[in-house]
Amino acid sequence: MKLPLTPRLTSPLGRDLLLLIAGPLIWMVHFLSIYIVNALACARPDSAFAMQAGGLPVSSWVIIAASIAAWMAMAVAARHAARRSRHENAPDGARFRAWLTGALCVLSALAVVWQTVPVFLVAACG
(Lines give C-alpha, C1' and ligand atoms only; values in the text may rest on other atoms or scores of the structure.)
Protein backbone atom coordinates (compact mmCIF):
# COMPACT_ATOMS: atom_id res chain seq x y z
CA MET A 1 0.00 0.00 0.00
CA LYS A 2 1.45 3.33 -1.07
CA LEU A 3 0.91 6.28 1.29
CA PRO A 4 0.24 9.74 -0.13
CA LEU A 5 3.02 12.28 0.25
CA THR A 6 0.69 15.11 1.25
CA PRO A 7 -1.78 15.05 4.14
CA ARG A 8 -5.40 14.60 3.17
CA LEU A 9 -7.19 17.83 4.00
CA THR A 10 -10.33 16.71 2.22
CA SER A 11 -11.48 14.65 5.17
CA PRO A 12 -13.58 16.38 7.83
CA LEU A 13 -10.91 15.69 10.44
CA GLY A 14 -8.20 17.33 8.32
CA ARG A 15 -10.30 20.43 7.65
CA ASP A 16 -11.32 20.73 11.30
CA LEU A 17 -7.72 20.38 12.45
CA LEU A 18 -6.48 22.95 9.95
CA LEU A 19 -9.23 25.37 10.97
CA LEU A 20 -8.51 24.74 14.65
CA ILE A 21 -4.83 25.65 14.35
CA ALA A 22 -5.37 28.46 11.82
CA GLY A 23 -4.76 31.20 14.42
CA PRO A 24 -1.41 29.85 15.64
CA LEU A 25 -0.34 29.08 12.07
CA ILE A 26 -1.14 32.63 10.97
CA TRP A 27 0.74 33.97 14.00
CA MET A 28 3.76 31.79 13.14
CA VAL A 29 3.84 33.03 9.55
CA HIS A 30 3.51 36.61 10.81
CA PHE A 31 6.29 36.09 13.34
CA LEU A 32 8.68 34.71 10.73
CA SER A 33 7.84 37.30 8.11
CA ILE A 34 8.32 40.35 10.35
CA TYR A 35 11.66 39.09 11.59
CA ILE A 36 12.81 38.40 8.04
CA VAL A 37 11.69 41.87 6.88
CA ASN A 38 13.39 43.58 9.82
CA ALA A 39 16.56 41.52 9.38
CA LEU A 40 16.74 42.45 5.70
CA ALA A 41 16.24 46.13 6.54
CA CYS A 42 18.94 46.08 9.21
CA ALA A 43 21.42 43.97 7.24
CA ARG A 44 21.24 46.24 4.20
CA PRO A 45 20.85 49.89 5.27
CA ASP A 46 20.73 51.00 1.62
CA SER A 47 17.83 48.65 0.71
CA ALA A 48 14.26 49.69 0.00
CA PHE A 49 13.16 48.32 3.41
CA ALA A 50 15.43 50.79 5.23
CA MET A 51 14.18 53.91 3.39
CA GLN A 52 12.01 56.35 5.34
CA ALA A 53 8.37 56.86 4.39
CA GLY A 54 5.94 58.82 6.52
CA GLY A 55 8.29 58.99 9.50
CA LEU A 56 8.86 55.23 9.65
CA PRO A 57 11.11 52.89 7.69
CA VAL A 58 9.41 50.95 4.89
CA SER A 59 10.07 47.76 6.88
CA SER A 60 7.84 49.10 9.67
CA TRP A 61 5.05 49.80 7.19
CA VAL A 62 5.40 46.26 5.83
CA ILE A 63 5.15 44.91 9.40
CA ILE A 64 2.02 46.98 10.05
CA ALA A 65 0.45 45.72 6.80
CA ALA A 66 1.36 42.12 7.70
CA SER A 67 -0.24 42.58 11.13
CA ILE A 68 -3.47 43.87 9.62
CA ALA A 69 -3.52 40.97 7.17
CA ALA A 70 -2.93 38.50 10.02
CA TRP A 71 -5.77 39.95 12.08
CA MET A 72 -8.12 39.77 9.11
CA ALA A 73 -7.15 36.15 8.38
CA MET A 74 -7.72 35.20 12.02
CA ALA A 75 -11.13 36.88 11.99
CA VAL A 76 -12.07 34.96 8.83
CA ALA A 77 -10.96 31.65 10.39
CA ALA A 78 -12.93 32.27 13.59
CA ARG A 79 -16.02 33.33 11.65
CA HIS A 80 -15.79 30.28 9.39
CA ALA A 81 -15.56 27.98 12.42
CA ALA A 82 -18.58 29.66 14.00
CA ARG A 83 -20.60 29.24 10.79
CA ARG A 84 -19.64 25.57 10.51
CA SER A 85 -20.74 24.93 14.10
CA ARG A 86 -24.18 26.43 13.42
CA HIS A 87 -24.77 24.13 10.45
CA GLU A 88 -27.64 21.69 11.07
CA ASN A 89 -25.47 18.68 10.15
CA ALA A 90 -22.66 19.76 12.48
CA PRO A 91 -20.96 16.80 14.18
CA ASP A 92 -20.74 16.40 17.94
CA GLY A 93 -18.24 18.77 19.47
CA ALA A 94 -18.48 21.30 16.63
CA ARG A 95 -19.49 24.07 19.02
CA PHE A 96 -16.51 23.32 21.25
CA ARG A 97 -14.12 23.26 18.28
CA ALA A 98 -15.58 26.57 17.08
CA TRP A 99 -15.08 28.08 20.54
CA LEU A 100 -11.53 26.71 20.70
CA THR A 101 -10.75 28.04 17.22
CA GLY A 102 -12.03 31.47 18.24
CA ALA A 103 -10.06 31.40 21.49
CA LEU A 104 -6.85 30.42 19.68
CA CYS A 105 -7.45 33.16 17.11
CA VAL A 106 -7.93 35.75 19.87
CA LEU A 107 -4.78 34.57 21.67
CA SER A 108 -2.83 34.65 18.40
CA ALA A 109 -4.21 38.12 17.60
CA LEU A 110 -2.90 39.34 20.98
CA ALA A 111 0.49 37.85 20.10
CA VAL A 112 0.43 39.78 16.82
CA VAL A 113 -0.36 42.99 18.76
CA TRP A 114 2.55 42.23 21.08
CA GLN A 115 4.86 41.87 18.07
CA THR A 116 3.56 45.01 16.34
CA VAL A 117 3.81 47.46 19.27
CA PRO A 118 7.65 47.73 19.09
CA VAL A 119 7.29 49.23 15.59
CA PHE A 120 6.01 52.38 17.31
CA LEU A 121 8.29 52.31 20.36
CA VAL A 122 11.74 51.21 19.18
CA ALA A 123 13.94 52.17 16.25
CA ALA A 124 13.90 49.51 13.52
CA CYS A 125 17.60 48.69 13.81
CA GLY A 126 18.31 50.16 17.21
Side-chain angles (χ1 to χ4, degrees):
M1 182 171 141
K2 189 173 182 180
L3 295 174
L5 295 176
T6 58
R8 307 265 337 216
L9 295 178
T10 57
S11 70
L13 178 64
R15 283 186 301 236
D16 286 345
L17 180 63
L18 186 61
L19 189 59
L20 184 69
I21 61 171
L25 281 175
I26 294 165
W27 167 78
M28 180 189 70
V29 169
H30 177 266
F31 184 80
L32 290 173
S33 65
I34 67 169
Y35 275 90
I36 289 170
V37 166
N38 208 23
L40 289 173
C42 293
R44 301 189 185 269
D46 55 343
S47 71
F49 283 133
M51 292 176 17
Q52 293 286 323
L56 289 173
V58 172
S59 62
S60 295
W61 290 111
V62 170
I63 291 169
I64 292 168
S67 299
I68 292 169
W71 292 321
M72 290 174 54
M74 289 176 201
V76 167
R79 184 174 176 164
H80 184 69
R83 280 188 179 174
R84 285 188 66 187
S85 71
R86 283 186 245 131
H87 195 270
E88 63 187 50
N89 297 359
D92 294 338
R95 289 183 59 206
F96 174 71
R97 285 192 302 273
W99 177 86
L100 189 57
T101 299
L104 286 172
C105 284
V106 167
L107 185 62
S108 298
L110 290 173
V112 170
V113 169
W114 188 257
Q115 293 168 347
T116 306
V117 167
V119 168
F120 303 107
L121 300 177
V122 181
C125 299

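Because the structure is predicted, anything quoted here is derived from the model rather than measured.
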When hydrophobic residues are tied together by side-chain contacts of less than 4.5 Å, even through go-betweens, does [X] share a cluster with [Y]?
X      : Y      : value
Val122 : Val113 : yes
Phe120 : Val112 : yes
Trp99  : Leu104 : yes
Val117 : Trp61  : yes

(request) Classify the angle between the aromatic ring planes of Tyr35 and Phe31 as parallel (below 30°), tilted (30 to 60°) or perpendicular (above 60°). (result) tilted

Between atom [atom1] of [X] and atom [atom2] of [Y], what is the distance when rounded to the nearest 0.5 Å?
X     : Y      : atom1 : atom2 : result
Asn38 : Cys42  : CG    : SG    : 4.5 Å
Ile36 : Leu32  : CD1   : CG    : 6.0 Å
Ser59 : Ile64  : OG    : CD1   : 9.5 Å
His80 : Cys105 : NE2   : SG    : 11.5 Å

Without placing hydrogens or testing angles, list every side-chain donor-acceptor pair under 3.5 Å for residues 66-78, not counting sequence neighbours.
residue: Ser67; atom: OG; partner: His30; partner atom: NE2; Å: 2.9
residue: Ser67; atom: OG; partner: Ile63; partner atom: O; Å: 2.9
residue: Ser67; atom: OG; partner: Thr116; partner atom: OG1; Å: 2.6
residue: Trp71; atom: NE1; partner: Ala109; partner atom: O; Å: 3.3

(request) Each residue besides Leu19 in its hydrophobic cluster should be listed here, by chain and number; the cluster joins Ile, Leu, Val, Met, Phe, Trp and Tyr at side-chain heavy-atom distances under 4.5 Å. (result) none

Mind listing the side-chain donor-acceptor pairs of residues 20-27 below 3.5 Å, one per line with the distance, residues two or more places apart or on another chain?
none

